[in-house]
Amino acid sequence: MAVFFISDTHFGDHRVLNLYPRPFASVAAMDAEMIARWNAAIAEGDEVWHLGDFARTLPGAAEILPRLNGRKHLVLGNNDPLPQPEGWDSIASYAELRVDGVDLVLCHYPFRRWKGMDRGSVNLHGHSHGRLKPLPRQFDVGVDVRDFRPVTLAELLPPQQQRRRRYA
């Protein structure tokens, strides 16, 4: 089982095609391509943490969620309707977990300070669509900066932090 992270898919949301330079001719093309990239990366036993702004509407979320591979967790964003459809393993506004020996702080919004920041923890977030300069050990996992697909922690961490993690 692998653990993946993604944010700001905005499934079914025509507004993102006007606000951000996404390479899709239509919302249907965007949704289809992101579903294909998700399922190419994620096996059924994998875990996916979606850090907010999954889909614009409840019917849209309910239609797309079962088409995506993996065990899915949602960290709510500012565009996620409530209630959410069945199919999420968990739904929260904030989460902390440990992956490959690294403490993670997950939120839709980027932090300037986060729990364990001075002890090597990592902040994963969305919301900024690649428009915010990150702090050290802070990563935007939004699709606009991650090739419209979920990514692993190993893909995010610089090699020197990965080496430190292995020998810590």
Any donor-acceptor N/O pair, Asp100 side chain to Val102 backbone, under 3.5 Å: no
Pairing residues for His125 by the ring pair (Phe, Tyr, Trp, His ring centres under 6.0 Å) criterion, not counting sequence neighbours: none
Hphob cluster co-occupancy, Leu157 + Phe5, side-chain heavy atoms under 4.5 angstrom: yes
Derivation of the side-chain contact (heavy atoms from CB on, under 4.5 Å) call for Asp8 and Leu51: CA-CA 7 Å; Asp8 297 289; Leu51 304 189; over 6 Å; no
For the student: nearest non-hydrogen atoms of Leu17 and Val27, plus distance: CD1-N, 3.5 Å
Euclidean distance, Asp31 CG relative to Thr9 OG1, rounded to 0.5 Å: 8.5 Å
Nearest atoms (heavy-atom pairs only) where Asn39 meets Asn69: OD1-N, 2.7 Å
Donor-acceptor list for residues 56-63 side chains, cut-off 3.5 Å, not counting sequence neighbours:
from  : atom 1 : to    : atom 2 : distance (Å)
Thr57 : OG1    : Gly60 : N      : 3.0
Glu63 : OE2    : Arg67 : NH1    : 2.8

Close side-chain approach of Gln84 and Leu74, heavy atoms under 4.5 Å: yes
Side-chain heavy atoms of Leu97 within contact of Leu106, under 4.5 Å: yes
Side-chain ion pair, Lys72 and Asp89, N-O less than 4.0 Å: no
Verify same cluster id: Leu76, Val16 (apolar side-chain graph, 4.5 Å): yes
Heavy-atom pair of closest approach, residues His73 and Ser90: ND1-OG, 2.6 Å
Salt bridge (charged side-chain N to carboxylate O under 4.0 Å, His left out) partners of Arg146, counting only residues at least two apart: none
Step-by-step side-chain contact (heavy atoms from CB on, under 4.5 Å) determination, Asn123 to Phe139: CA-CA 6 Å; Asn123 173 222; Phe139 300 94; over 6 Å; no
Contact check, side chains of Glu44 and Arg71, non-hydrogen atoms, under 4.5 Å: no
Within 6.0 Å of CD in Glu86, more than 12 heavy atoms from elsewhere: no
Trace of the side chain to side chain donor-acceptor pair (under 3.5 Å) decision for His127 with Asn78: CA-CA 8 Å; His127 189 65; Asn78 57 302; 3.2 Å; yes
Donor-acceptor under 3.5 Å (Asp103 side chain, Arg98 main chain): no
Cluster check Val141, Phe4: I/L/V/M/F/W/Y, side chain < 4.5 angstrom: no
Same apolar cluster: Met34 and Ile42, side chain cutoff 4.5 Å: yes
Side-chain heavy atoms of Asp46 within contact of Val3, under 4.5 Å: no
Stepwise side-chain contact (heavy atoms from CB on, under 4.5 Å) check, Phe54 with Phe11: CA-CA 6 Å; Phe54 175 72; Phe11 286 114; 3.6 Å; yes
Residues in ring pair (Phe, Tyr, Trp, His ring centres under 6.0 Å) contact with His129, at least two apart in sequence or another chain: His10, Tyr20
Linked, directly or transitively: Val151 and Val122 (ILVMFWY side chains, under 4.5 Å): yes
Co-members of Phe111 in a cluster of I, L, V, M, F, W and Y side chains, linked at under 4.5 Å: Tyr94, Val105, Trp114, Met117, Leu135
Interatomic distance, Asp13 atom CG to Asn18 atom CG [nearest 0.5 angstrom]: 9.5 Å
Trp49 vs Pro150 side-chain heavy atoms within contact, under 4.5 Å: no
Trp38 and His50 aromatic ring geometry - parallel, tilted or perpendicular at 30°/60° bounds: parallel
Candidate pair His108 and Ser7, rule side-chain contact (heavy atoms from CB on, under 4.5 Å), full reasoning: CA-CA 8 Å; His108 179 63; Ser7 183; 3.8 Å; yes
pair Val143-Arg22: side-chain heavy atoms closer than 4.5 Å: yes
Which residues share a salt bridge (charged side-chain N to carboxylate O under 4.0 Å, His left out) with Arg119, sequence neighbours left out: none
Where Leu124 and Leu156 come nearest, the two heavy atoms and their spacing: CD2-CD1, 3.8 Å
Pairwise side-chain contact, His14 with Met30, heavy-atom cut-off 4.5 Å (strictly under): no
Point-to-point distance, once rounded to the nearest 0.5 Å, from NZ of Lys133 to OG of Ser128: 14.0 Å
For the student: nearest non-hydrogen atoms of Pro110 and Gly126, plus distance: CD-O, 3.9 Å
Main-chain N/O of Arg149 paired with Asp147 side-chain donor or acceptor, under 3.5 Å: no
